[in-house]
Amino acid sequence: MRVALFITCVNDALHPDTGRAVVRLLERLGVRVEFPAAQTCCGQMQYNTGYRHESEPLLRRFAEVFAGYDAVVAPSGSCAAMVRDAYPRIGARAAAEGRGGRLAELAASVAPKVFELSEFLVDVLGVVDVGAYFPHTVAYHPTCHGLRLLGLGDRPLRLLRAVRGLTLVELPGAEECCGFGGTFSVKNPAVSVAMGRDKVAGARASGAEVLCAADNSCLTHIGATASRLGGGPRMLHLAEILARTEADGPALAAPARPSRTEGGVQ
Amino acid sequence: MTAVPLGMPAFPRAAESAVGDPVLRGNLRHATHTIRAKRARAVAELDDWARLRAAGAAVKDRTLRHLGHYLEQLEASVTAAGGQVHWAADAAEANRIVTGLVRATGEREVVKVKSMATQEIGLNEALTAAGITAYETDLAELIVQLGDDRPSHILVPAIHRNRGEIRDIFLRTMARWGRPAPDGLTDDPAQLAEAARLHLREKFLRAKVAVSGANFMVAETGTLVVVESEGNGRMCLTLPETLISVVGLEKVVPTWRDLEVFLQLLPRSSTAERMNPYTSMWTGTTAGDGPGAFHLVLLDNGRTDALADQVGRQALRCIRCSACLNVCPVYERAGGHAYGSAYPGPIGAILTPQLRGTATALDASLPYASSLCGACYEVCPVAIDIPEVLVHLRERVVQGGAVTRQGARVTIRPAKGHAAERAAMRAARWAFQHPRALRAAERLASRTRAAHPSRLPSPGPAGAWSRGRDLPAVPAEPFRDWWQRTRGGRQEGTR
Ligand code: SF4
């Protein structure tokens with residue numbers, strides 16, 4: 001099975017640690033993962049903001065870059081959902097408008113083989129215990145696209161529960177949106193910040209040292225909100241927890257959290 | 001509609017003031033969280049919910065596909081049963097028809113059953129202008145009317161008010177509209193309800209004309225249906241001599257049997273009840289029982305235009321249960337008034353720009369009043385894919401294109417104020433098509449990272465972001481450089 005890593009533009013530019021963790025984790029599980037350097041972005045920002053036409057060349061490019069692979073793993077629920085849920089819609093619309101006839105074919109060829117990381121681990125590799133060690137309390141935030149568009153269900157939780165040393169705590173208001181929503185966060189800043197603050201309040205109330213999610217965009221938003229409010233749990237992508245082993249020792253280096261857990265949220 | 005500055009159209013502004021009002025936010029949060037939990041329990045009781053939901057969507061879709069046929073059938077059934085049908089192309093025509101019908105009775109006041117359609121067309125204002133007073137009889141609508149306020153929720157128009165505020169409104173204004181509030185009224189719910197009951201009873205017993213909407217219209221029998229919780233609707237529907245019902249075209253269902261599906265979907269989704277307390281049905285007129293004259297005003301007001309849009313038309317399935325409002329994180333913070341329409345929340349964000357068009361700054365901003373979290377789609381009892389329609393309407397806003405307006409196919413231009421955004425989207429797309437350029441940009445960002453601020457209080461996206469959040473730090477080395485450095489020798493698939 002030829003497996004490609006789709007790192008996503010946000011992870012590439014802002015969260016390379018997540019990408020390194022995915023590579024490390026998959027290689028530990030015996031997967032020889034390739035990184036096609038011609039990859040860039042799935043086009044989600046363009047599509048979701050209403051620029052469907054601008055997203056079409058990126059669909060085409062994505063399908064071509066990953067054409068030779070059996071599976072494409074993405075450490076992002078929302079980018080995986082873009083390919084699986086939106087690409088077929090974009091293809092169908094283009095066909096209905098009599099443009100880009102091949103877009104629908106390209107979408108159909110690539111959509112079924114894109115997996116969010118936890119899906120790939122649980123459904124494709126069939127592992128739940130990935131041999132990780134992480135002696136800290138963790139709360140899991142199920143991001144909207146992972147939860148509702150991909151239907152990740154309890155896969156990430158099962159993976160986390162199998163991590164040695166890890167204590168999973170409940171996140172109040174877990175299934176509520178964090179308020180990121182791509183360009184929503186800049187188009188409706190007041191509402192977006194209010195949502196982010198409530199999410200930070202939930203994360204603080206959970207008592208967790210780490211807030212974990214399968215999407216760095218949401219974590220970036222929550223972390224940036226927490227940082228402005230004076231701190232909160234540390235944000236860590238699921239891959240970065242699953243990649244750690246006993247040899248790494250306790251994960252959180254001394255100044256684990258940016259600052260205190262106390263302090264008003266509102 | 002007043003012009004608003006670039007990048008900050010109407011909804012975000014209106015929402016901002018709601019976000020900054022702690023009482024309003026507290027009221028909304030409390031009310032929506034309570035009802036959403038109850039709805040989830042009520043829905044979970046039925047093991048065939050998914051199939052009911054699919055059936056509801058299917059009935060509505062089939063009806064919409066043959067809407068002309070079912071409306072003609074409805075007209076024939078209503079007429080045969082002794083009612084009179086009037087067709088209204090837009091709000092002005094509907095208001096003219098209703099005003100004329102009331103005038104013909106010689107009456108100067110009407111009692112009203114809570115109705116979204118009459119709010120949509122601004123009927124109360126039109127009646128006032130014609131010297132006719134309309135009395136709202138739904139408790140929440142009464143609170144809104146007495147408070148000289150606007151509704152902010154489909155089901156609970158006064159959701160933004162708490163008990164103390166309601167008592168103050170009653171004490172302050174009830175006397176001006178009829179029977180005054182009892183002395184020493186407290187904010188005890190039972191006392192508030194009793195005050196409203198006494199105030200309203202006077203109106204029910206006096207009124208000769210009632211105006212209602214309808215939740216459903218059955219084509220085969222000409223039967224109209226109103227479901228409600230308080231019984232005020234039934235009083236209005238049975239006591240007066242003349243009944244005028246203003247109903248959107250999309251409320252028709254083909255057969256009586258179809259109600260079986262919707263009368264299960266609606267109460268559980270809206271009030272989290274197994275069955276609503278009152279279901280009133282009326283078919284034309286019957287001598288000696290109920291109103292002697294019945295008028296049905298069939299309202300288009302943009303609906304057939306919306307029907308012409310293959311993606312957007314699913315909004316016409318809506319049965320106005322308000323479940324989508326109650327789970328929407330944006331509605332919860334922004335409140336209903338920010339949507340500037342009778343239809344707030346997620347359904348308002350997709351319905352209003354279809355009924356009114358996207359020409360004003362407010363209407364063009366509504367499709368963006370969502371983080372696309374999908375919670376609305378998940379709860380919608382007729383499976384309206386609200387996020388899909390939102391994205392579709394965003395496209396209409398920024399790209400323009402062919403739409404149907406008043407029955408004619410027209411090409412609209414992109415809404416104003418998106419030039420900078422469009423340029424940015426194009427530039428980003430270009431960079432994403434040229435990995436080398438992307439890589440160079442990433443490296444530049446990494447090299448200059450020490451100089452990046454965590455806030456940028458200027459206008460533009462970074463400024464909007466950093467008003468309440470820090471800008472993220474850029475790492476020393478992008479992933480693709482790390483890969484190249486550590487595994488450069490074995491990379492496959494490079495182009
Ligand atoms: S869109 Fe769906 S959930 Fe929202 S009010 Fe209409 S029927 Fe209810």
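Letters A, B, ... are given to chains in the order of the sequence lines, protein chains preceding strands, and every chain is numbered from 1.
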Shorter than 4.5 Å, heavy atoms on both sides: which option in [options] has the most such pairs with chain A?
| options | value |
| --- | --- |
| B:Ala15, B:Ala375, B:Pro472 | B:Ala375 |
| B:Gly468, B:Ala473, B:Gly20 | B:Gly468 |
| B:Trp430, B:Trp482, B:Tyr377 | B:Trp482 |

What part of [X] gets within 4.5 angstrom of chain A, counting heavy atoms only: side chain, backbone, both, or neither?
| X | result |
| --- | --- |
| B:Gln310 | neither |
| B:Val311 | side chain |
| B:Glu378 | side chain |
| B:Val330 | both |

Answer yes or no: are there more than 12 heavy-atom neighbours, outside [X] itself, under 6.0 Å from its atom [atom1]?
| X | atom1 | value |
| --- | --- | --- |
| A:Glu170 | CD | no |
| B:Gln433 | CD | yes |
| B:Arg485 | CZ | yes |

Test log, rule salt bridge (Lys or Arg N to Asp or Glu O under 4.0 Å), inputs B:Arg487 and A:Glu27
CA-CA 13 Å; B:Arg487 345 228 143 174; A:Glu27 288 181 346; 2.5 Å; yes
Nearest-0.5 Å distance, [atom1] of residue [X] to [atom2] of residue [Y]:
| X | Y | atom1 | atom2 | value |
| --- | --- | --- | --- | --- |
| A:Phe180 | B:Ser371 | CZ | OG | 10.5 Å |
| A:Arg52 | B:Arg396 | CZ | CZ | 11.5 Å |
| A:Asn188 | B:Arg13 | CG | CZ | 12.5 Å |

Output the option from [options] having the highest count of non-hydrogen pairs under 4.5 Å with chain B.
| options | result |
| --- | --- |
| A:Ser78, A:Cys144, A:Gly182, A:Gly181 | A:Cys144 |
| A:Met45, A:Arg93, A:His53 | A:His53 |
| A:Leu58, A:Thr220, A:Asp17 | A:Leu58 |

Do [X] and [Y] touch side chain to side chain, with heavy atoms closer than 4.5 Å?
| X | Y | result |
| --- | --- | --- |
| A:Gln44 | B:Leu372 | no |
| B:Val19 | A:Val191 | yes |
| B:Pro329 | A:Met195 | yes |
| B:Val391 | A:Arg89 | no |
| A:Thr49 | B:Met425 | yes |

Contact origin within [X] toward chain B - heavy atom pairs under 4.5 Å:
| X | value |
| --- | --- |
| A:Glu54 | both |
| A:Leu149 | neither |
| A:Arg61 | side chain |
| A:Arg60 | neither |

Looking at [Y], is its backbone amide N or carbonyl O close enough to the side chain of [X] to form a donor-acceptor pair, meaning the two atoms are under 3.5 Å apart?
| X | Y | answer |
| --- | --- | --- |
| A:Asp12 | B:Pro478 | no |
| B:Arg429 | A:Gln46 | no |
| B:Arg480 | A:Gln39 | yes |
| A:His145 | B:Gly374 | no |
| A:Thr40 | B:Phe432 | yes |

Check the orientation of B:Trp465 and A:His221. Use parallel for under 30°, tilted for 30 to 60°, and perpendicular for over 60°.
perpendicular
Is it true that the side chains of A:Ser192 and B:Arg469 contain a donor and an acceptor less than 3.5 Å apart?
yes
For A:Tyr47 and B:Glu395, which I'm curious about, is there any donor-acceptor pair between the side chains at under 3.5 Å?
no
Pick out which of B:Arg422, B:Glu421, B:Arg394, B:Arg426 makes a side chain to side chain donor-acceptor pair (under 3.5 Å) with A:Tyr51.
B:Glu421
For the residue pair [X] and [Y], what are the closest heavy atoms and their distance?
| X | Y | result |
| --- | --- | --- |
| B:Cys373 | A:Arg148 | O-NH1, 2.8 Å |
| B:Pro475 | A:Ala13 | CD-O, 3.0 Å |
| A:Phe35 | B:Trp483 | CB-CE2, 3.4 Å |
| A:Pro16 | B:Phe479 | CB-N, 3.6 Å |

One pair to check against side-chain contact (heavy atoms from CB on, under 4.5 Å): B:Arg29 and A:Asp198. What are the steps and the verdict?
CA-CA 11 Å; B:Arg29 184 178 169 83; A:Asp198 287 348; 3.9 Å; yes
